Visitor: 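First, the structure itself, so that you have it in front of you.
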Amino acid sequence: MLIVMSPEATADQVEDVLKLVRELGFKPHPMPGATRTAIGVTGNSGPIDPSHFEFMPGVGEAIRVSKPYKLVGRDLKHEDSVVKVGEFTIGGPIPAIIAGPCAVESFEQTMEIAETVAACGVNFFRGGAFKPRTSPYSFQGLGEEGLKILAEVRNKFGMRIVTEVLDQENVDLVEEYADVLQIGARNMQNFTLLRRVGQAKKPVLLKRGMSATLDELLLAAEYIMSEGNYDVILCERGVRTFADHTRNTLDLSIVPAVQGLSHLPIIVDPSHGTGRRDKVTPLARAAIAVGADGIMIEVHTHPERALSDGPQALLPDMFVKLVEEVRSIHKVLEKNEGAS
Ligand code: PEP
Ligand code: MN
């Protein structure tokens with residue numbers, strides 16, 4: 001059920017609707033928009049009778065939602081969502097750049113990369129302290145020590161920190177240090193973890209599962225939002241296909257597809273999407289051109305020594321050039337938008 005308040009509805013009238021939703025045993029999700037507030041209702045196992053709400057003062061209409069998701073959809077919120085991360089934003093007019101190593105390996109390695117990234121005027125730094133690795137014998141991350149290094153990066157360079165939360169047990173810990181909680185591709189359908197980060201007070205970057213459909217991605221986001229955390233950023237990072245010239249097949253067509261259905265921002269990760277350094281820049285350019293709300297890029301000063309994902313890490317000079325290109329492409333798009 002979706003309750004659309006009329007543009008003239010008062011705050012008290014909105015409050016009365018929220019109260020009734022709770023009294024009926026459901027959960028209200030108010031979403032203020034530019035012209036009116038809409039209220040998503042969840043927690044019902046069957047259809048709700050719209051007449052409960054239709055005649056309440058301030059209610060425009062009460063609509064049954066036919067799509068499997070309610071809170072991520074444009075029916076509830078027409079305008080694009082902009083996620084606030086400290087003083088910065090993801091979504092909105094300027095594409096966000098999130099960059100850094102695959103894994104936090106040491107204080108020196110992280111600081112060196114952070115310096116390169118910060119010098120480009122990038123606002124978001126990434127790096128895994130808890131790494132999901134295919135082999136149990138591969139480097140698993142520095143854990144809390146890694147999180148402390150990331151906090152140092154924030155202190156020194158003012159960049160906001162994006163880092164992965166691998167399981168429910170360490171959400172509290174990661175939340176203490178991170179600005180954005182990343183849910184990795186392998187965990188996109190870890191429903192208990194999704195619910196847990198739905199209760200967190202930090203924005204969540206949700207990566208698409210390796211073989212997830214668009215609906216599955218949106219429903220994973222719905223899990224997070226249904227718990228009350230509306231600050232969700234989606235991320236396309238490539239899917240498994242028969243193509244073997246890249247590590248994954250980057251599905252850029254999901255960007256406009258998501259934008260048609262959902263108000264949530266969507267960024268693109270061409271590093272995992274291709275797995276090859278020489279393909280990262282062209283696909284990052286394409287991601288901006290296709291209208292993504294940002295990109296996530298792995299960068300390393302010594303990729304040959306990287307403890308994970310060295311072959312896909314951009315070298316500092318490649319990254320500097322890419323940031324310039326991203327800004328130029330964005331300018332062209334802005335200009336064309338202004339002209340049309
Ligand atoms: C990562 O961002 O380092 C990562 C492990 O990504 P993914 O979950 O997309 O494989
Ligand atoms: Mn990686």
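Here the structure is a predicted model, which is why all the values come from computation and not from measurement. First listed ligand is number 1; within each ligand, the first listed atom is number 1.
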Visitor: Any nitrogen or oxygen of Arg186 lying under 3.5 Å from a nitrogen or oxygen in ligand 1? Just yes or no.
Guide: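 N/O-N/O distance below 3.5 Å exists for this pair.
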
Visitor: Among all protein non-hydrogen atoms, which one is nearest to atom 8 (O) of ligand 1, and what is the separation to 0.1 Å?
Guide: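 For atom 8 (O) of ligand 1, the nearest protein heavy atom is Ala185 N, 2.7 Å.
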
Visitor: Mark up the atoms of ligand 1 that fall under 4.0 Å of a heavy atom belonging to Arg237, in ascending order.
Guide: 7 (P), 9 (O), 10 (O)

Visitor: Below 4.0 angstrom from a heavy atom of Gly184, which ligand 1 atoms are there? Numbered from 1 as shown, please.
Guide: 8 (O)

Visitor: Output yes when Arg196 and Asp172 qualify as a salt bridge under the 4.0 Å nitrogen-oxygen rule, no when they do not.
Guide: yes

Visitor: Within the structure provided, determine whether Arg126 and Thr163 are in side-chain contact (heavy-atom separation under 4.5 Å).
Guide: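 Arg126 vs Thr163: side chains apart.
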
Visitor: Would you say the side chain of Val239 lies within less than 4.5 Å of the side chain of Arg208, judging by non-hydrogen atoms?
Guide: yes

Visitor: Is Asp309 close to ligand 1, meaning an N/O of one under 3.5 Å from an N/O of the other?
Guide: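 No; the residue has no nitrogen or oxygen that sits under 3.5 Å from a nitrogen or oxygen of the ligand.
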
Visitor: Counting only N and O atoms by type, is there a donor-acceptor contact under 3.5 Å from the side chain of Glu54 to the main-chain atoms of Glu61?
Guide: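 Side chain of Glu54 to backbone of Glu61, a donor-acceptor pair under 3.5 Å: no, none is there.
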
Visitor: Got a salt bridge between Asp269 and Arg237, using NZ or NE/NH1/NH2 to carboxylate O under 4.0 Å?
Guide: no

Visitor: Taking a cutoff of less than 4.0 Å between a non-hydrogen atom of the residue and any ligand atom, is Met210 in contact with ligand 1?
Guide: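 It does not; every heavy atom stays at 4.0 Å or beyond.
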
Visitor: Could you list which atoms of ligand 1 come closer than 4.0 Å to a heavy atom of Glu298?
Guide: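 Selected atoms, number and element: 3 (O).
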
Visitor: Identify the closest protein heavy atom to atom 6 (O) of ligand 1: which residue and atom is it, and at what distance?
Guide: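 Checking every protein heavy atom, the shortest distance to atom 6 (O) of ligand 1 gives Lys207 NZ, 2.9 Å.
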
Visitor: Looking at Lys321 and Glu325, is any side-chain nitrogen of the basic one under 4.0 Å from a carboxylate oxygen of the acidic one?
Guide: yes

Visitor: Check if Arg208 has a non-hydrogen atom at a distance under 4.0 Å from any atom of ligand 1.
Guide: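 Contact check Arg208 vs ligand 1: negative.
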
Visitor: Does the distance from a Lys or Arg side-chain N to an Asp or Glu carboxylate O, for Asp231 and Lys84, drop under 4.0 Å?
Guide: no

Visitor: Run through the protein N/O/S atoms less than 2.8 Å from the Mn ion (ligand 2) and write them out by chain and number.
Guide: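 Protein N, O or S atoms closer than 2.8 Å to the Mn ion (ligand 2): Cys102 SG, His272 NE2, Glu298 OE2, Asp309 OD2.
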
Visitor: When rounded to the nearest 0.5 angstrom, what distance separates CD in Glu236 from NE2 in His272?
Guide: 12.5 Å

Visitor: Whether the Thr241 and Thr249 side chains hold a donor-acceptor pair (N or O, under 3.5 Å, no angle test) is what I'd like checked.
Guide: yes

Visitor: Flag the pair Lys19 and Glu23 as a salt bridge only when some basic side-chain nitrogen lies within less than 4.0 angstrom of an acidic carboxylate oxygen.
Guide: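 A salt bridge links Lys19 with Glu23.
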
Visitor: Taking distance alone, with no angle check, do Cys102 and ligand 1 share an N/O pair under 3.5 Å?
Guide: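 Between Cys102 and ligand 1, no N or O pair is found under 3.5 Å apart.
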
Visitor: Note the single closest protein heavy atom to atom 4 (C) of ligand 1, along with its residue, its atom name and the distance in Å.
Guide: His272 NE2, 3.4 Å

